[in-house]
Amino acid sequence: MIIGGGVIGLTIARALAQRGVRDVCLIERSALGTEASFAAGGILAPQAEADRADEFFELACRSRDLYADFAAALREETAIDVELDTTGTLYVALREGDLKEIEKRFEWQSKQGLVVQKLTAREARELEPCVAPAVSDALLFPRDIQVENRRLLNALVNSVTNLGVKIVTETNVESIGSDRGQITGVQTSRGFVSCQTVLVAAGTWSSTIEHTPRNEHARTPKIEPVRGQMICFDAKPQLTRHVIYSPRGYLVPRKDGRLLAGSTSENAGFAKQVTAGGINTILANAHEISPGISNLPIIDTWAGLRPRAADGLPVLGPCDEIDGLVYATGHYRNGILLAPVTGELIAEAIVSGRISPLLAAFSPNRFKLAPVS
Ligand SMILES: Cc1cc2nc3c(=O)[nH]c(=O)nc-3n(C[C@H](O)[C@H](O)[C@H](O)COP(=O)(O)OP(=O)(O)OC[C@H]3O[C@@H](n4cnc5c(N)ncnc54)[C@H](O)[C@@H]3O)c2cc1C
């Protein structure tokens, strides 16, 4: 039983069905793929964002490098092109402090043999004439790419439907039931459903689902919402070919002429609203990257809630205390990027019991047990 029909729940459902699991059922409380996964920018850029090589960086690069096959397989299965765009990511320095960051990133990544190029202001402008005159230096990450995440969600929904996954929408999972350390099922708004395995992929709501009875000593890693707002411009002809990052914002060009600008990072509880302050911040940061946005019509704005665990890292794998309770949540800023590797490794853990060493740092068992009430 999978709780949550975002990119994570859907990708794991697909991976389980592909491994021959017959009775995969996914429960979604509203419609599939309408929360954080819908709001995302679709940037797959572990290198542009990383300050060091650690377990998270390894997981993220592994997932990015699975994307070509993931996209091709989805196209084969569903005829949907998820628009994997391999043009690359440009990271620009606009202020004095930005330059230091760029130099550090270039240094550690080139020492590790990762593909990254340092560009002068002139080279950056030759590559992307839209960048601001203030750009002093830039890094080009040719392997950091992007996907059209809404097309990806459509493709995943089609794929899991073709594979025979049972999908139940408009149904809220209220609690997870267990008895003497073994999962018994889930209580939903339409009644109790028995099962032996429960996968929690409910994004930012993952820790709002209760465990019953309460004296079952379950681990419930706390997941909190971090709001992100986005602006969408109509950019025909397109302003940029690359995804362009600065330390404060980013621009993402879509094939159909939409240009996304993001984002904010706000602790605003579960209020999924677009605010004047958020829009102001995004516009200022986007304008700093490229003054060309000033002439573009704004055609849409939205907000989504990123699921963040206490240490900002994903929560992936089985829980020690309750047999059959598995988590795949807390993907925070990188759920689209991490979807393929999460799907593969969590499906493997459920089907064969083998926990990949890649998951070790992300186990739910790193958090303290909830007190028995
Ligand atoms: C503005 C913004 C930009 C982003 N940009 C990027 C990006 O460029 N690249 C990237 O990799 N990531 C990005 N992210 C992060 C990414 O969107 C998330 O990490 C990812 O979507 C999380 O996927 P999920 O399936 O866990 O959560 P969601 O997509 O939120 O799905 C969880 C689902 O669970 C359902 N659910 C919740 N509770 C219950 C319940 N009790 N019963 C039944 N169903 C339930 C919800 O309705 C929802 O559909 C961005 C996020 C935001 C907000």
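Everything numeric in this text was worked out from a predicted model, so none of it was measured. Counting starts at 1 for both ligands and their atoms, in listed order.
Counting heavy atoms closer than 4.0 Å to ligand 1, residue Trp302 contributes nothing at all. Only the backbone of Ile27 comes within 4.0 Å of ligand 1, counting heavy atoms alone; no side-chain atom from C-beta on gets that close. Contacts between Phe38 and ligand 1 below 4.0 angstrom, taking non-hydrogen atoms only, are absent altogether. With a 4.0 Å heavy-atom cut-off, ligand 1 is reached by the backbone of Arg333 but not by any atom from C-beta on. At a heavy-atom cutoff of 4.0 Å, ligand 1 is contacted by the side chain of Met230 but not by its backbone.
Nearest to atom 27 (O) of ligand 1 by heavy-atom distance, out of Gly33, Gly304, Gly203, is Gly203. With Ser265, Gly6, Ser37 as candidates, the residue nearest to atom 23 (O) of ligand 1 on a non-hydrogen basis is Ser37. Proximity annotation for atom 51 (C) of ligand 1: of Gln229, Arg306, Glu35, Arg306 comes nearest, heavy atoms only. The heavy atom nearest to atom 26 (O) of ligand 1, considering only Val147, Ile8, Leu338, Ile336, is found in Ile8. Closest heavy-atom approach to atom 7 (C) of ligand 1 within the set Ile3, Thr208, Ile43: this belongs to Ile43.
Side chains of His242 and Thr89: no donor on one and acceptor on the other come within 3.5 Å. Judged purely by distance below 3.5 Å, without hydrogens or angles, the side chains of Ser263 and Arg306 pair a donor atom with an acceptor atom. Between the side chains of Glu128 and Thr240, a donor-acceptor pair is found at a separation under 3.5 Å. Under the 3.5 Å distance criterion, with hydrogens and angles disregarded, a donor-acceptor pair is assigned to the side chains of Gln229 and Thr275. Counting only N and O atoms by type, the side chains of Glu344 and Thr342 include no donor and acceptor under 3.5 Å apart. Side-chain contact, Arg241 with Thr87: no donor N or O sits under 3.5 Å from an acceptor N or O. A donor-acceptor pair shorter than 3.5 Å can be found between the side chains of Glu77 and Ser159.
For ligand 1 and Gly228, the ligand atoms under 4.0 Å from any heavy atom of the residue are 1 (C). Taking a cut-off of under 4.0 Å to the non-hydrogen atoms of Ile209, the atoms of ligand 1 that pass are 41 (N). The contact set between ligand 1 and Val7, taken as ligand atoms under 4.0 Å from a residue heavy atom, comprises 23 (O), 25 (O). Every atom of ligand 1 is numbered from 1 in the order shown, and the set under 4.0 Å from a heavy atom of Tyr250 is 3 (C). Under a 4.0 Å criterion applied to the non-hydrogen atoms of His331, ligand 1 contributes the atoms 19 (O). Each of the following atoms of ligand 1 lies closer than 4.0 Å to a heavy atom of Trp205: 30 (O), 37 (C), 38 (N). Atom numbering of ligand 1 starts at 1 in the shown order; those under 4.0 Å from a heavy atom of Ser263 are 1 (C). In the vicinity of Gly42, heavy-atom distances shorter than 4.0 Å reach the ligand 1 atoms 7 (C), 8 (O).
A donor-acceptor contact shorter than 3.5 Å links the side chain of Gln109 to the backbone of Gln47. Between the side chain of Ser178 and the main chain of Gly181, no donor-acceptor pair closer than 3.5 Å is present. Without hydrogens or angle criteria, Gln238 side chain to Arg258 main chain gives a donor-acceptor distance under 3.5 Å. The backbone N or O of Arg248 sits less than 3.5 Å from a side-chain atom of Ser246, completing a donor-acceptor pair.
Residue Thr34 places no heavy atom under 4.0 Å from ligand 1. At least one heavy atom of Thr171 sits less than 4.0 Å from an atom of ligand 1.
Among all protein heavy atoms, the one lying closest to atom 43 (C) of ligand 1 is Arg29 N, 3.2 Å. When hydrogens are left out, the protein atom nearest atom 42 (N) of ligand 1 is Val173 N, 2.9 Å; that is the closest non-hydrogen contact. Atom 20 (C) of ligand 1 has Gly335 CA, 3.7 Å as its closest protein atom, hydrogens excluded (heavy atom only). Looking at atom 17 (O) of ligand 1, its nearest protein heavy atom turns out to be Ala36 O, 3.1 Å. The nearest heavy-atom contact from the protein to atom 18 (C) of ligand 1 is Tyr332 O, 3.6 Å. Closest to atom 40 (C) of ligand 1, if we only count protein heavy atoms, is Asn172 OD1, 3.4 Å. From the protein, the heavy atom lying nearest to atom 11 (O) of ligand 1 is Leu337 N, 2.8 Å. When only non-hydrogen protein atoms are considered, atom 50 (C) of ligand 1 lies nearest to Ala40 CB, 3.6 Å.
The shortest side-chain heavy-atom distance between Arg143 and Arg64 falls under the 4.5 Å cut-off. Between Ile8 and His331 the shortest side-chain heavy-atom distance falls below 4.5 Å. For the pair Tyr250 and Ile43, the minimum side-chain heavy-atom distance is below 4.5 Å.
Test Asp98, Asp137, Asp144, Asp51 against Arg105 for salt bridge (charged side-chain N to carboxylate O under 4.0 Å, His left out) and you get one pass: Asp51. Under the side chain to side chain contact (heavy atoms under 4.5 Å, CB included) test applied with Cys319, the options Thr220, Val326, Val198, Leu325 reduce to a single match, Leu325.
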**Report entry** Cys232/Trp302 under side chain to side chain contact (heavy atoms under 4.5 Å, CB included): CA gap, chis, key distance, verdict
**Finding:** CA-CA 9 Å; Cys232 178; Trp302 60 84; 3.7 Å; yes
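For ligand 1, the polar-atom distance check finds no N/O of Ala39 at less than 3.5 Å from any of the ligand's N/O atoms. Ligand 1 has a nitrogen or oxygen under 3.5 angstrom from a nitrogen or oxygen of Glu28.
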